[in-house]
Amino acid sequence: MLIGGAINWHLLFSKWESGQAIPELEKVATLSVIFDVTTDYLLKASEIDELSVKTEMLEKQQ
């Protein structure tokens with residue numbers, strides 16, 4: 001019941017990762033149950049994301 005129905009998870013993940021959409025709270029909560037992690041863990045920016053932002057900022061300064 002957690003995964004299924006009309007939810008196209010692949011499409012949702014793709015849009016979230018590319019910044020085309022923001023995850024709905026319900027879906028974040030569902031994913032936290034599926035993966036047995038906190039919602040904070042799912043929503044926290046990764047170190048890779050932070051590094052990408054810092055790299056972009058440095059490149060713009062040059």
Side-chain angles (χ1 to χ4, degrees):
M1 169 113 182
L2 291 176
I3 299 179
I7 298 174
N8 185 338
W9 291 98
H10 177 68
L11 180 59
L12 289 175
F13 285 126
S14 175
K15 286 186 175 186
W16 295 344
E17 290 175 339
S18 67
Q20 294 176 349
I22 298 172
E24 295 174 21
L25 187 55
E26 288 178 6
K27 291 182 176 61
V28 173
T30 300
L31 288 172
S32 73
V33 172
I34 292 169
F35 293 111
D36 193 27
V37 296
T38 65
T39 54
D40 288 342
Y41 177 82
L42 293 174
L43 296 172
K44 180 182 170 195
S46 72
E47 291 177 20
I48 293 172
D49 292 338
E50 292 174 13
L51 181 59
S52 295
V53 169
K54 289 177 184 176
T55 300
E56 287 178 21
M57 290 173 62
L58 288 172
E59 287 174 348
K60 287 180 182 179
Q61 289 178 354
Q62 295 177 351

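All values below were derived from every heavy atom in this structure, side-chain atoms included, with hydrogens, water molecules and symmetry-related copies excluded.
- With sequence neighbours excluded, no residue satisfies salt bridge (Lys or Arg N to Asp or Glu O under 4.0 Å) with Glu59.
- From Thr30, atom OG1 reaches atom CG of Leu25 across 9.5 Å, with rounding to the nearest 0.5 Å.
- Interatomic distance, Leu42 CG to Lys27 NZ, rounded to the nearest 0.5 Å: 14.5 Å.
- Linking ILVMFWY side-chain heavy atoms closer than 4.5 Å, directly or via other members, places Ile22 and Trp16 in two distinct hydrophobic clusters.
- Around the CD atom of Gln20, the shell of radius 6.0 Å holds more than 12 heavy atoms that belong to other residues, nucleotides or ligands.
- In terms of heavy atoms, Val28 sits closest to Pro23 at CG2-CB, 3.5 Å.
- The side-chain hydrogen bond (donor to acceptor under 3.5 Å, both in side chains) test applied to Glu26 returns no partner, not counting sequence neighbours.
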